[in-house]
Engineer: 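Just dropping this structure here.
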Amino acid sequence: MPASLSYLVFKTALKYKQKPHFEEFIRSTRDPESVQWLTLKNILQVNRETEYGREFGFEQADSPESFRELVPISEFETLRPFIERQRDSDVRALTWDQPIYYNRTSGTVGTPKDVPVTQRNVDEIRSGSQLSAYVLSQQSDILEGKVLAIGGSAVEARTIDNVPIGSASGMLYRQQSRFVRSRYVLPPEVFDIDDVELRYIAFAIYGLARRDITTIATANPSTFIRLNEVVQEHAETLLRHISAGTLPDTNVQLESRQPDRARARALETILERDGTLAYRSFWPELKGVVTWCGGSCGFALSRLVPMLPVDCRIYEFGYNSSEFRGTINVDLECNLCLPMFHHSYFEFVECGDWENGRKKFLGLHELDEGKLYYIFATTSSGLYRYNINDIVRVSGYINATPTLDFVQKGRGVTNITGEKLTEHQVLEGVGSLREAFGIDPEFFVMLADEEKSEYLLCMELPGAHKGSQFASHVDTKLQQLNVEYQSKRKSGRLGLLKFLQLPVGAGIQYRHERVQAGQRDAQFKYLHLQYLSQIPPVLSRLIEH
């Protein structure tokens with residue numbers, strides 16, 4: 001079937017199935033308070049007879065206010081005993097519906113978190129994905145060709161009862177219909193390759209072999225930066241595999257490929273002409289990148305955009321996590337993302353209030369445009385008043401419902417002398433170096449040295465640089481952004497910002513070792529603001545180098 005006809009059938013089928021759901025979703029934005037209360041009531045009703053539900057009086061919660069009085073704020077570690085008891089027995093400890101899957105996330109440190117996923121939750125995740133696909137197909141033409149989407153492994157482990165543990169995105173990828181699956185370039189087995197470098201080589205082989213890719217999608221844009229580096233490092237090997245129809249030896253059985261000598265010769269011509277292989281040259285029909293745009297992802301995007309065709313658009317993936325799906329993008333032109341308020345119940349506290357111990361909780365309908373909030377979610381998968389430690393900003397409204405953007409992790413705050421520096425301020429400060437000096441660091445991290453009462457800006461840059469001018473510029477910018485930082489600097493309580501140039505390849509080494517230590521590659525996020533006393537060993541070695 002010709003690609004254009006296949007796309008027409010795909011687009012028509014999506015419209016037929018999803019248009020009524022999308023229109024109802026938009027209509028419901030007129031009354032978010034009622035929708036949210038109905039969502040909460042349903043979650044409490046289903047789970048009222050669980051251990052957790054009985055302990056905290058789900059049956060007695062007859063309003064959002066009483067729910068807040070009865071049920072405490074939770075973090076994963078407070079829920080872990082309930083999750084593990086239900087996982088290892090038949091006890092309905094946290095959810096009445098037994099989990100059929102566990103979504104594994106490492107967080108930033110510590111023991112991996114296995115988030116329970118019930119069938120109800122799977123249906124919600126699938127519903128959100130289908131709505132997103134509908135929006136992309138109706139508001140753009142980026143799905144006209146093939147899609148290269150990178151996710152996680154569907155099964156990384158199993159419970160004692162053989163319930164799979166892995167990535168929910170990988171699980172849904174495997175469960176696609178044959179028709180939908182035909183639009184994707186990567187076979188699901190490729191995400192199960194143990195060796196990270198081999199995994200990216202396989203991504204590159206399948207991707208480079210296709211000229212008709214119009215969409216690339218993944219959670220974090222740094223994944224595509226790394227994919228580009230792999231293409232540069234292994235170009236000749238990749239072309240040999242494409243020409244011969246072969247694949248590298250891995251721990252999984254990948255679907256066979258046909259030799260494509262013509263495509264290999266075309267790529268070799270590009271390489272000889274340009275001296276490199278870039279997305280804009282080997283995927284000239286690429287129309288859209290769907291990925292996270294908020295927080296530190298902006299730095300990766302600034303490096304990715306010059307690699308793309310000039311008319312390729314960046315689309316916000318939406319606020320999403322292993323714990324719950326927060327938003328979907330419903331307006332591609334403005335990247336407006338509505339909360340999934342039919343699936344989860346959301347509460348918010350203004351940043352200043354939460355960080356100063358004032359727990360003034362607000363409903364979705366009570367938020368103000370432009371303000372920053374900590375977000376707390378109650379989900380069908382057993383996370384009740386869950387503090388994910390994320391900060392979101394109200395970017396606008398659709399009818400009476402606010403749209404939300406992810407800003408940063410809440411723990412991205414350091415405080416040596418009362419300055420309360422945030423990762424968002426550091427991102428903006430370092431970002432200003434692009435305009436002032438024309439530099440775009442491969443990798444950077446700001447370290448709070450509590451012992452010396454000063455900050456150290458570590459940056460990976462090629463060549464030799466006079467770092468003191470960079471440090472001075474960022475220091476000035478931070479004083480403009482943070483009055484407490486300015487006050488502490490002027491009073492001498494906070495020392496002058498120092499600079500350290502890291503060797504080329506530091507960011508790759510840091511990421512590689514953190515992934516080897518257990519962090520999920522597809523969900524890896526650089527923490528650009530940390531305490532010096534708490535950094536991982538790999539970062540200590542890079543600093544001492």
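Computed over heavy atoms, backbone and side chain alike; hydrogens, waters and symmetry mates excluded. Here, residue 1 is the first one in the sequence, and each next residue gets the next number.
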Engineer: Under the criterion side-chain contact (heavy atoms from CB on, under 4.5 Å), which of Val474, Leu529, Leu457, Leu481 is the partner of Val426?
Structural biologist: Leu529

Engineer: Using the side-chain contact (heavy atoms from CB on, under 4.5 Å) rule, pick out the option among Arg511, Arg514, His512 that qualifies with Val538.
Structural biologist: Arg514

Engineer: Hey, what do you get for CD1 (Ile314) to CD (Glu316), rounding to the nearest 0.5 Å?
Structural biologist: 10.5 Å

Engineer: Classify the angle between the aromatic ring planes of Trp292 and Phe317 as parallel (below 30°), tilted (30 to 60°) or perpendicular (above 60°).
Structural biologist: perpendicular

Engineer: Is the gap between the ring centers of Tyr384 and Phe56 under 6.0 Å?
Structural biologist: no

Engineer: What I want to check is whether the side chains of Glu333 and Gln139 have a donor and an acceptor closer together than 3.5 Å.
Structural biologist: no

Engineer: Please determine if Arg48 and Glu59 form a salt bridge, counting it only when a charged side-chain N lies under 4.0 Å from a carboxylate O.
Structural biologist: yes

Engineer: Any ion pair linking Glu513 and Arg541 (charged N to carboxylate O, less than 4.0 Å)?
Structural biologist: yes

Engineer: As an exercise, state the distance from CD of Glu323 to CG of Asn387, rounded to the nearest 0.5 Å.
Structural biologist: 10.5 Å

Engineer: Checking Asn47 against Thr95: is there a side-chain donor and acceptor pair closer than 3.5 Å?
Structural biologist: no

Engineer: Is the distance between the ring centroids of Phe376 and Phe348 under 6.0 Å?
Structural biologist: no

Engineer: Go through the steps to decide whether Asn415 and Lys420 satisfy the test side-chain contact (heavy atoms from CB on, under 4.5 Å), and finish with yes or no.
Structural biologist: CA-CA 4 Å; Asn415 190 28; Lys420 296 177 183 173; 3.7 Å; yes

Engineer: Is it true that the side chains of Ser63 and Ser66 contain a donor and an acceptor less than 3.5 Å apart?
Structural biologist: yes

Engineer: Using distance alone, with no hydrogens and no angle criterion, decide if Asn399 and Thr29 have a side-chain donor and acceptor under 3.5 Å apart.
Structural biologist: yes

Engineer: Please determine whether the number of non-hydrogen atoms from other residues, nucleotides or ligands lying under 6.0 Å from atom CD of Glu23 exceeds 12.
Structural biologist: yes

Engineer: Can you tell me how far apart CZ (Phe82) and CD (Gln86) are? Round to the nearest 0.5 Å.
Structural biologist: 11.0 Å

Engineer: How far apart are the C-alpha atoms of Asn482 and Gln486, what are their side-chain angles, what is the distance that settles it, and do they pass the side chain to side chain donor-acceptor pair (under 3.5 Å) test?
Structural biologist: CA-CA 6 Å; Asn482 184 322; Gln486 181 185 60; over 6 Å; no

Engineer: Is a donor from one side chain sitting under 3.5 angstrom from an acceptor on the other, for Glu419 and Tyr455?
Structural biologist: yes

Engineer: Can a salt bridge be assigned to the pair Asp353 and Lys359 using a cut-off of 4.0 Å between side-chain N and carboxylate O?
Structural biologist: no

Engineer: Consider only side-chain N and O atoms of Asn329 and Asn335, and report whether a donor and an acceptor are under 3.5 Å apart.
Structural biologist: yes

Engineer: Are Val35 and Leu364 side-chain neighbours, meaning at least one heavy-atom pair lies under 4.5 Å?
Structural biologist: no

Engineer: Decide whether His342 and Ser28 meet the rule of one side-chain donor and one side-chain acceptor closer than 3.5 Å.
Structural biologist: yes

Engineer: Using the side-chain contact (heavy atoms from CB on, under 4.5 Å) definition, which of the options Thr414, Leu478, Leu427, Leu456 pairs with Met446?
Structural biologist: Leu478

Engineer: Inspect the contact between Glu350 and Lys371 and indicate whether a charged nitrogen and a carboxylate oxygen are less than 4.0 angstrom apart.
Structural biologist: yes

Engineer: Testing the 3.5 Å rule here: is there a donor-acceptor pair between the side chains of Thr403 and Ser395?
Structural biologist: yes

Engineer: Nearest 0.5 angstrom please: Cys458 SG to Leu502 CG, how far?
Structural biologist: 5.0 Å

Engineer: May I ask you to say whether Glu454 pairs ionically with Lys498, meaning some side-chain N is under 4.0 Å from a carboxylate O?
Structural biologist: yes

Engineer: Is it the case that atom CG in Asp368 sees more than 12 heavy atoms from other parts of the structure closer than 6.0 Å?
Structural biologist: yes

Engineer: How would you list, by chain and number, every residue that makes a side chain to side chain donor-acceptor pair (under 3.5 Å) with Thr50, sequence neighbours excluded?
Structural biologist: none

Engineer: Drop me the distance from Tyr485's OH to Ile416's CD1, to the nearest 0.5 angstrom.
Structural biologist: 9.0 Å

Engineer: How about Tyr531 and Asp449: does a side-chain donor come under 3.5 Å of a side-chain acceptor?
Structural biologist: no

Engineer: Aromatic rings Phe443 and His528: how do their planes relate, parallel, tilted or perpendicular, breaks at 30° and 60°?
Structural biologist: tilted

Engineer: Quick check with a 6.0 Å cut-off and a 45 degree axis cone: is Arg385 positioned over the face of Phe361's six-membered ring?
Structural biologist: yes

Engineer: Please round to the nearest 0.5 Å and tell me the distance separating atom CD of Gln425 and atom CD of Glu423.
Structural biologist: 11.0 Å

Engineer: Consider only side-chain N and O atoms of Tyr101 and Asn121, and report whether a donor and an acceptor are under 3.5 Å apart.
Structural biologist: no

Engineer: Just wondering, are more than 12 heavy atoms of other shown residues or ligands nearer than 6.0 Å to CZ in Arg120?
Structural biologist: no

